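Down below is the structure, laid out as structure tokens.
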Amino acid sequence: MSEWAQWSQRQAKVLPYMADYSMEQYWLPYVMNMTFPNISTPSHSTDKFGFRHSIDCAGNVLSPETAKGRRVNLLIGGSTAYGLGATSNAKTVASLLSQEGWGDWVNLGLPGHTLTQNLVHAHFLRPKLGQVDHIVIFGGINDLNHFLRAPIAPTMFGSHFSMMEYLVRMNEGYVNEEKSA
């Protein structure tokens, strides 16, 4: 049995709910990849935009879809803000803030994203939301890792997951022309 298969078996025994977290994503303009919309598993669910639901203090689902007309706060960030590995929507940072009486928090976290990607998503969603009182930007390892490990990316923009695939695909014609010249 391969080392990967052994690790997967151990993970399934200790953290069975992690099987609910598919890291499959699809491509969008400007932000590269996005979590699938309308996921519904025992551990987590997403709205029609692909953002994870949070749970308010009354047990209601909060998302960009349900926030219109409500005063909300936004949690923006990567995997930790998304709640990757949380056993339920109610156990994410956004949900815990809501349940502790800190207002209604909409989770705009996305696993595997940098803050630049998160902020672009938030910018596109802003017109769909009601009044926003507070915005918390919760950076993490994605930002540090991708800025520090991407010497070919312009410093101002940094890098992101799948950057090499992006560069190859977007520059395919240019690279081929250079080789034939």
Side-chain angles (χ1 to χ4, degrees), residues 21-41 43-86 88-147 150 153-163 165-166 170:
Y21 288 92
S22 167
M23 292 290 55
E24 293 181 61
Q25 297 182 333
Y26 63 98
W27 294 91
L28 287 175
Y30 309 108
V31 293
M32 302 307 124
N33 50 349
M34 181 62 190
T35 306
F36 277 108
N38 303 315
I39 291 173
S40 181
T41 73
S43 298
H44 79 292
S45 58
T46 60
D47 68 0
K48 71 178 184 181
F49 302 112
F51 290 98
R52 186 170 185 161
H53 294 126
S54 56
I55 309 299
D56 69 12
C57 60
N60 300 314
V61 171
L62 284 169
S63 73
E65 287 180 271
T66 63
K68 190 137 184 118
R70 292 178 78 164
R71 292 178 69 128
V72 296
N73 303 295
L74 304 179
L75 179 65
I76 298 171
S79 301
T80 304
Y82 180 82
L84 187 69
S88 72
N89 289 335
K91 299 296 183 187
T92 64
V93 173
S95 294
L96 294 172
L97 288 169
S98 294
Q99 293 162 22
E100 288 296 318
W102 293 88
D104 292 335
W105 286 83
V106 173
N107 189 342
L108 296 186
L110 294 166
H113 283 68
T114 63
L115 288 176
T116 303
Q117 291 170 292
N118 293 118
L119 292 170
V120 171
H121 274 289
H123 176 72
F124 285 131
L125 279 173
R126 183 60 193 97
K128 298 187 178 306
L129 301 169
Q131 181 176 336
V132 175
D133 291 333
H134 298 94
I135 299 173
V136 171
I137 300 173
F138 189 176
I141 193 68
N142 294 347
D143 296 286
L144 293 173
N145 186 47
H146 289 297
F147 276 95
T155 304
M156 183 171 115
F157 298 106
S159 180
H160 53 81
F161 284 106
S162 306
M163 181 162 183
E165 180 181 356
Y166 166 77
M170 296 306 287

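Values in this document were obtained by computation on a predicted structure and should not be read as measured data.
- Shown here for Asn118 and Leu108, the closest heavy-atom pair between the two residues is ND2-O, 3.7 Å.
- Distance check, rounded to the nearest 0.5 Å: OG of Ser43 to CZ of Arg52 gives 7.5 Å.
- Contact between Ala122 and Ile76 at its shortest, heavy atoms only, is CB-CD1, 3.8 Å.
- Atom-to-atom distance recorded for Leu97:CG and His134:NE2 is 11.5 Å, nearest 0.5 angstrom.
- A donor-acceptor pair under 3.5 Å is absent between the side-chain atoms of Asp104 and the main chain of Val72, judged by distance alone.
- Closest approach of Leu62 to Ser98, counting heavy atoms only: CD1-OG, 4.0 Å.
- Shortest non-hydrogen contact noted between Ser54 and Trp105 is OG-O, 2.5 Å.
- Atom NE2 of His53 is separated from atom OG1 of Thr66 by 7.0 Å, given to the nearest 0.5 angstrom.
- When atom types are taken as modelled, the side chain of Ser63 and the backbone of Thr46 share no donor-acceptor pair closer than 3.5 angstrom.
- Remark: Ile55 CD1 to Asn60 CG distance equals 8.0 Å, nearest 0.5 Å.
- The two residues Ala86 and Lys91 come nearest to each other via the heavy atoms CB-O, 4.0 Å.
- Side-chain N or O atoms of Asn107 include one that pairs as donor or acceptor with a backbone N or O of Ala81 at under 3.5 Å.
- Closest non-hydrogen pair, Val106 versus Ala67, comes out as CG2-CB, 3.9 Å.
- Remark: Leu74 CG to Leu125 CG distance equals 9.0 Å, nearest 0.5 Å.
- At a cut-off of 3.5 Å, with distance as the only test, no side-chain donor of Ser95 or Asn89 sits close to an acceptor on the other residue.
- Here Ile39 contributes atom CD1 and Phe51 contributes atom CZ; the two are 12.5 Å apart, rounded to the nearest 0.5 Å.
- The main-chain N or O of Leu119 is never found under 3.5 Å from a side-chain atom of His121 such that the two would form a donor-acceptor pair.
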